[in-house]
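Every chain is numbered from 1, with letters handed out A, B, ... down the list of sequences.
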Number of protein chains: 2
Amino acid sequence: MVNTQTKPAPTRRNRQYEKRLSAILKAAAKTIAREGYEGASVRRVAARAKIGLSGIYYYFHNKEELLFALQEHTFSTLVETLQERLASAETPEEKLRAVIDNHFEYFVNNLDELKVCVHEIESLSGHYYKQVLKIRQGYFALVKKVIREVRGRRTGIDPNLAALFLFGSLNWVYMWYDPRKNTEMKKLSKQLRRIYFNGMTAP
Amino acid sequence: MVNTQTKPAPTRRNRQYEKRLSAILKAAAKTIAREGYEGASVRRVAARAKIGLSGIYYYFHNKEELLFALQEHTFSTLVETLQERLASAETPEEKLRAVIDNHFEYFVNNLDELKVCVHEIESLSGHYYKQVLKIRQGYFALVKKVIREVRGRRTGIDPNLAALFLFGSLNWVYMWYDPRKNTEMKKLSKQLRRIYFNGMTAP
DNA sequence: TAATAATTAGAACGAACGTTCGATTTATTT
DNA sequence: AAATAAATCGAACGTTCGTTCTAATTATTA
């Protein structure tokens with residue numbers, strides 16, 4: 001069972017536990033990214049994590065909790081790093097850059113995880129869904145605030161829609177990005193910033 | 001079995017056949033949109049289409065062919081209507097508008113189908129995948145050409161990336177659009193055009 | 001070292017899956 | 001009306017699924 005509350009002294013045993021746990025999460029990310037949540041079987045996740053089938057159920061109550069842990073961890077990290085970046089940005093343009101760079105950089109370093117987060121949101125239900133939704137809404141609020149600053153006093157730009165469109169551009173990347181053709185992240189970021197900054201600040 | 005070659009006289013029987021067929025496609029679109037391709041069972045598709053389970057296999061060889069027929073029909077129509085719109089557009093701005101309006105209008109009238117097309121591309125394999133990929137590449141080429149015209153002789157804008165970003169914004173809509181809160185399509189289109197047109201034509 | 005707790009392995013469960021097949025019903029043709 | 005073809009149905013197949021349970025193994029504590 002995942003324990004997100006207590007943090008006992010990091011004994012060797014605990015370190016082993018957490019290693020296994022993140023190995024399972026990594027295996028789940030790769031498997032679900034390739035086969036989809038419904039298509040990915042717990043058996044294949046276990047095989048990739050080099051653990052028995054029932055071993056998975058020692059760390060997670062069920063398959064859905066596995067997906068939840070993956071999304072919750074990935075999204076939380078994404079929000080955290082964005083907040084750090086935003087704290088050291090001053091102008092609206094710098095803040096927009098923080099948003100875009102943060103998303104792209106995290107993306108290239110966690111291809112499978114982010115693909116799962118983007119593609120399998122609706123595979124969660126009930127409490128799991130609500131909790132992830134909350135984190136995503138927090139992320140969205142951060143971005144919307146930045147966009148409002150970029151827009152300034154200009155009329156004709158709806159920050160809500162602009163943020164949604166920007167999210168689309170960012171989240172769509174996993175559909176076409178090929179890590180083997182190591183496209184320069186700097187170029188990606190520059191292009192997207194150019195379009196959205198100019199697009200929202202033009203008279 | 002789907003027959004896309006011969007087109008015999010539209011007897012009453014044939015009309016019944018095609019009615020059933022599109023009823024199945026509609027049921028499949030709704031079911032797959034809600035449950036995902038792997039999650040949607042042929043049994044539930046059949047139930048929604050008011051036909052027996054084995055009845056599906058009279059019209060389609062297997063489940064994947066059902067998904068293929070859905071995507072092939074939807075995407076082909078999308079490309080066709082875009083070509084018509086582009087033919088009657090003159091300036092680059094009008095053409096960009098054609099792209100965006102076409103996508104949005106088709107989207108609101110075919111919510112389930114477009115969601116499946118966007119979300120289940122990778123659920124196809126082999127020949128099915130290649131064939132749909134071809135259509136999508138044709139669509140992409142059309143849009144890229146328009147973007148090249150909008151850009152004109154300006155440097156610093158990569159039409160390829162710009163097209164991909166635009167596709168992201170367009171395809172992401174299914175994640176947040178709520179038909180019950182009938183958001184005005186005109187506003188959506190206007191906002192997106194404003195961002196991308198200004199974004200690509202600014203000095 | 002003995003007792004205790006944490007972790008893993010293996011077998012088994014019922015349920016649901018995609019697909020097939022022969023029989024039956026419905027529509028068309030002779 | 002009889003013969004033929006098209007369309008539908010219901011039952012069944014083998015497979016895979018998520019999950020559970022008990023026993024064995026490993027690590028920690030006393």
Side-chain angles (χ1 to χ4, degrees), chain A residues 1-3 6-25 27-28 31-32 34-70 120 123-126 128, chain B residues 1-3 6-25 27-28 31-32 34-70 120 123-126 128:
Chain A
M1 169 172 64
V2 177
N3 191 338
T6 63
K7 281 274 176 183
T11 65
R12 189 166 353 128
R13 168 158 232 139
N14 268 324
R15 258 181 276 128
Q16 276 295 99
Y17 179 91
E18 301 209 350
K19 261 197 175 180
R20 274 286 199 209
L21 196 139
S22 62
I24 293 175
L25 283 180
T31 309
I32 297 176
R34 297 185 181 190
E35 309 178 19
Y37 173 70
E38 296 280 354
S41 77
V42 181
R43 281 168 175 82
R44 285 192 293 276
V45 172
R48 183 165 263 138
K50 291 186 169 56
I51 200 177
L53 165 61
S54 53
I56 299 280
Y57 289 89
Y58 181 74
Y59 291 86
F60 299 93
H61 287 101
N62 49 48
K63 189 184 177 187
E64 195 176 6
E65 191 184 75
L66 182 55
L67 178 62
F68 167 74
L70 192 52
E120 305 292 350
S123 299
L124 290 174
S125 66
Y128 291 136
Chain B
M1 170 171 62
V2 177
N3 190 339
T6 63
K7 282 274 176 183
T11 64
R12 190 169 349 130
R13 170 156 231 141
N14 269 323
R15 256 182 276 129
Q16 277 293 100
Y17 178 91
E18 301 209 350
K19 261 197 175 178
R20 273 285 200 209
L21 196 140
S22 63
I24 292 176
L25 282 179
T31 309
I32 297 176
R34 296 187 181 188
E35 309 178 18
Y37 173 69
E38 296 279 355
S41 77
V42 181
R43 281 167 174 82
R44 285 192 293 276
V45 172
R48 185 165 261 138
K50 291 187 168 59
I51 198 175
L53 165 60
S54 52
I56 300 281
Y57 290 89
Y58 183 74
Y59 290 86
F60 298 94
H61 287 102
N62 48 49
K63 189 185 178 186
E64 195 177 4
E65 193 184 76
L66 182 55
L67 178 62
F68 167 75
L70 193 51
E120 305 292 350
S123 300
L124 290 175
S125 67
Y128 291 137

All stems with DNA chain C, defined as three or more consecutive Watson-Crick or G-U pairs under 3.5 Å: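 Stem list for DNA chain C: C:4-27 with D:4-27.
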Between [X] and [N], is there a side-chain N or O to OP1/OP2 distance below 4.0 Å?
X        : N       : value
Tyr59(A) : dT7(C)  : no
Arg44(A) : dT16(D) : no
Arg20(A) : dT8(C)  : yes
Tyr17(B) : dA27(C) : no
Tyr58(B) : dA7(D)  : yes

Would you kindly compare Ser54(A) and Val42(A) by the position of their nearest DNA chain D nucleotide and give the one closer to the 5′ end?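 The 5'-side residue here is Val42(A).
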Straight-line distance of Arg43(A) CZ to Ser54(A) OG, nearest 0.5 Å: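 Here the rounded value is 10.5 Å.
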Whole angstrom value for the distance that separates [atom2] of [N] from [atom1] of [X]:
X        : N       : atom1 : atom2 : value
Ile32(B) : dC17(C) : CD1   : P     : 13 Å
Leu21(A) : dT8(C)  : CG    : P     : 11 Å
Arg43(A) : dA16(C) : CZ    : P     : 16 Å
Glu18(A) : dA6(C)  : CD    : P     : 16 Å
Gln16(A) : dT8(C)  : CD    : P     : 8 Å
Glu65(A) : dG18(D) : CD    : P     : 15 Å
Glu35(A) : dT16(D) : CD    : P     : 13 Å
Tyr57(A) : dA9(C)  : OH    : P     : 16 Å

Contact between Phe60(A) and Ile24(A) at the side-chain level, heavy atoms closer than 4.5 Å - yes or no?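 Result yes, sub-4.5 Å side-chain heavy-atom pair found.
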pair Leu67(B)-Tyr128(B): side-chain heavy atoms closer than 4.5 Å: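 The answer is no; the side chains never approach within 4.5 Å.
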Determine the contact category for [X]: base if any of its heavy atoms lies under 4.0 Å from a base atom, sugar-phosphate if only primed atoms, P, OP1 or OP2 are that close, otherwise nothing.
X        : result
Leu53(B) : base
Gly55(A) : nothing
Ala40(A) : sugar-phosphate

Please check: side-chain N/O of Lys63(A) versus main-chain N/O of Ala40(A), any donor-acceptor pairing under 3.5 Å?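 Yes.
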N/O donor-acceptor pair under 3.5 Å between Tyr37(B) side chain and Glu64(B) backbone: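 Yes; at least one donor-acceptor contact below 3.5 Å.
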Could you pull out the closest heavy-atom pair between Ala49(A) and Ala23(A), with the gap in Å?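 Answer, listing the atom of Ala49(A) first, then Ala23(A): CB-O, 4.1 Å.
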Whether Tyr17(B) and Tyr59(B) hold their rings parallel, tilted or perpendicular, with breakpoints at 30° and 60°: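 Because their plane-to-plane angle lies in the 30° to 60° range, the rings of Tyr17(B) and Tyr59(B) count as tilted.
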Taking atom types as modelled, find out whether Arg48(B) and Thr31(B) have a side-chain donor-acceptor pair closer than 3.5 angstrom.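 Arg48(B) vs Thr31(B): donor-acceptor pair found between side chains.
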Is there, by distance only and without an angle test, a donor paired with an acceptor across the side chain of Ser41(A) and the base of dG18(D) below 3.5 Å?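 Per atom types, no contact qualifies.
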